[in-house]
Amino acid sequence: MGYYQRPLQLICLLFALASCSNPEHQDYESDDLAAQSSYPDLFQEVLEAHGGLDKWKQMNLLEFDLYSDSTKVDHQTVDLDSRKVLISSDQYTIGYDGDEVWYTGEESEFPGSSARFYHNLQFYFFALPFVFADPGVNYEILESRIFQGKQYEVMRFTYGNGIGDSPEDEYIIYINPENKRMELLLYTVTYFSGEDTDGYGARLYAEWQHVNGLLVPLVSERYKWETDSLGDFRYASGYRNVVLEEREPDQAMFLAPSNAKVSE
């Protein structure tokens, strides 16, 4: 299973924002879907380039097989309305029933050694940029940056206090100005420490696929982020056999079995 067997807190890097040149910016906040019209124009263009937020909101069921490089890791099912989750493999099962994260098997068997941390990790990487339209997200447009010899438009996303398990996390996306697609994600992870660390992790969206009218990742590559550029390659996440449908999933699948443990 490669890199996934290592603690995922190793991805806790922080990119020094001081390296950005004091960009002029405007802050936005989305409180609910009614605020969609107040999203910055650039973000609305990104959403449209990936199929549109309205189309995404029509979907209720998401499924995919997660691969690490060429090895299948697990199968993930998400209720896009409630964000309930079921993740299954031969070694473990992880679920979120709307109240608690539960698991079967040993925590040492699944990525990150924390079911609560892992239960929606790959969902968020897969569902970008649409999850940045969730309530409680703050938007900041930064100055454009050069990446691999090309100029990109750049946005930063943060969360309001009390939003999610790690409201201190920050995300920066690099947007291709020609097609408005998100191509690079920089992110911090504060889940384990509760504090900002000293660098960003980087995820390059290397390949895309069209599923039911939406542009979603096929492969994203994990790198270290060093001196405003990609550092060492860590692993590739593949999303195969993707299902995106309007039908609602069977809610019984998200309920914990009698032998499940609750993840604190």
Does the cation-pi check pass for [X] over [Y], that is, NZ or CZ under 6.0 Å from the six-membered ring centre and within 45° of its axis?
{"X": "Arg240", "Y": "Phe64", "answer": "no"}
{"X": "Lys150", "Y": "Tyr152", "answer": "yes"}
{"X": "Arg83", "Y": "Phe123", "answer": "no"}

Side chains of [X] and [Y], donor plus acceptor under 3.5 Å:
{"X": "Asn176", "Y": "Glu183", "answer": "yes"}
{"X": "Gln122", "Y": "Asp74", "answer": "no"}
{"X": "Tyr200", "Y": "Glu170", "answer": "yes"}
{"X": "Asn60", "Y": "Asp81", "answer": "no"}
{"X": "Tyr223", "Y": "Glu221", "answer": "yes"}
{"X": "Tyr159", "Y": "Asp134", "answer": "no"}
{"X": "Gln151", "Y": "Ser144", "answer": "yes"}

Decide yes or no for [X] and [Y]: does some side-chain heavy atom of the first lie under 4.5 Å from some side-chain heavy atom of the second?
{"X": "Met182", "Y": "Leu128", "result": "yes"}
{"X": "Leu62", "Y": "Val242", "result": "yes"}
{"X": "Glu45", "Y": "Leu47", "result": "no"}
{"X": "Ile141", "Y": "Val154", "result": "no"}

About how many Å separate [atom2] of [Y] and [atom1] of [X], when rounded to the nearest 0.5 Å?
{"X": "Ser88", "Y": "Ile94", "atom1": "OG", "atom2": "CD1", "answer": "10.0 Å"}
{"X": "Ser220", "Y": "Phe126", "atom1": "OG", "atom2": "CZ", "answer": "10.5 Å"}
{"X": "Lys57", "Y": "Lys55", "atom1": "NZ", "atom2": "NZ", "answer": "15.0 Å"}
{"X": "Asp54", "Y": "Glu48", "atom1": "CG", "atom2": "CD", "answer": "7.5 Å"}
{"X": "Gln76", "Y": "Ser89", "atom1": "CD", "atom2": "OG", "answer": "10.0 Å"}
{"X": "Leu53", "Y": "Phe130", "atom1": "CG", "atom2": "CZ", "answer": "7.0 Å"}

Can a donor-acceptor pair be found, under 3.5 Å and without considering hydrogens, that links the side chain of [X] to the backbone of [Y]?
{"X": "Ser68", "Y": "Thr71", "answer": "no"}
{"X": "Asn241", "Y": "Asp65", "answer": "no"}
{"X": "Asp250", "Y": "Met253", "answer": "no"}
{"X": "His119", "Y": "Arg116", "answer": "yes"}

Consider only side-chain heavy atoms of I, L, V, M, F, W and Y, link residues closer than 4.5 Å, and tell whether [X] and [Y] are in one cluster.
{"X": "Leu244", "Y": "Leu86", "result": "no"}
{"X": "Tyr239", "Y": "Leu218", "result": "no"}
{"X": "Val219", "Y": "Ile173", "result": "no"}
{"X": "Tyr92", "Y": "Trp102", "result": "no"}
{"X": "Leu61", "Y": "Leu215", "result": "no"}

Going through the checks in order, is the ring pair (Phe, Tyr, Trp, His ring centres under 6.0 Å) test met by Tyr103 and Phe110?
CA-CA 10 Å; Tyr103 67 94; Phe110 45 77; 5.6 Å; yes

Heavy-atom pair with the smallest gap, counting every atom of [X] and [Y]:
{"X": "Arg203", "Y": "Ser237", "result": "NH1-OG, 3.3 Å"}
{"X": "Tyr205", "Y": "Pro217", "result": "CE2-CG, 3.6 Å"}
{"X": "Trp208", "Y": "Arg181", "result": "CD1-NH1, 4.4 Å"}
{"X": "Val131", "Y": "Val137", "result": "O-CG2, 4.3 Å"}
{"X": "Leu184", "Y": "Ala202", "result": "CD1-CB, 4.4 Å"}
{"X": "Pro129", "Y": "Val46", "result": "CG-CG1, 3.8 Å"}

So among Phe132, Tyr39, Tyr171, Tyr187, which one has a ring pair (Phe, Tyr, Trp, His ring centres under 6.0 Å) with Phe157?
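Single pass found, and it is Phe132.
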
With a 6.0 Å cut-off (strictly less than), is the heavy-atom count around CD of Glu226, excluding the residue itself, greater than 12?
yes

Does atom CD (Glu248) have a neighbourhood of more than 12 heavy atoms from anything else shown, all under 6.0 Å?
no

One pair to check against side chain to side chain contact (heavy atoms under 4.5 Å, CB included): Gln148 and Leu230. What are the steps and the verdict?
CA-CA 9 Å; Gln148 295 184 336; Leu230 296 181; 3.6 Å; yes

Salt-bridge test for Lys261 and Glu107: reply yes if a basic N is under 4.0 Å from a carboxylate O, no otherwise.
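Salt bridge between Lys261 and Glu107, a charged N being under 4.0 Å from a carboxylate O: no.
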
Closer than 4.0 angstrom, basic N to acidic O: yes or no for Arg247 and Glu245?
yes

Applying side chain to side chain contact (heavy atoms under 4.5 Å, CB included), run through Trp56 and Leu80 and close with a yes or a no.
CA-CA 9 Å; Trp56 172 259; Leu80 293 175; 3.9 Å; yes

Aromatic plane relationship, Tyr174 with Phe147 - under 30° parallel, 30 to 60° tilted, over 60° perpendicular
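Taking Tyr174 first and then Phe147, their aromatic rings stand perpendicular (interplane angle over 60°).
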
How far apart are the C-alpha atoms of Lys180 and Glu153, what are their side-chain angles, what is the distance that settles it, and do they pass the salt bridge (charged side-chain N to carboxylate O under 4.0 Å, His left out) test?
CA-CA 9 Å; Lys180 302 301 180 180; Glu153 297 173 293; 2.7 Å; yes

Given Thr77 and Val85, is the side chain to side chain contact (heavy atoms under 4.5 Å, CB included) satisfied, shown in steps?
CA-CA 6 Å; Thr77 303; Val85 174; over 6 Å; no

Determine, stepwise, if the pair Glu140 / Met155 fulfils side chain to side chain contact (heavy atoms under 4.5 Å, CB included).
CA-CA 6 Å; Glu140 183 179 354; Met155 289 190 68; over 6 Å; no

Decide yes or no on ring pair (Phe, Tyr, Trp, His ring centres under 6.0 Å) for Phe43 and Tyr139, but give the supporting numbers first.
CA-CA 9 Å; Phe43 184 48; Tyr139 306 91; 5.1 Å; yes

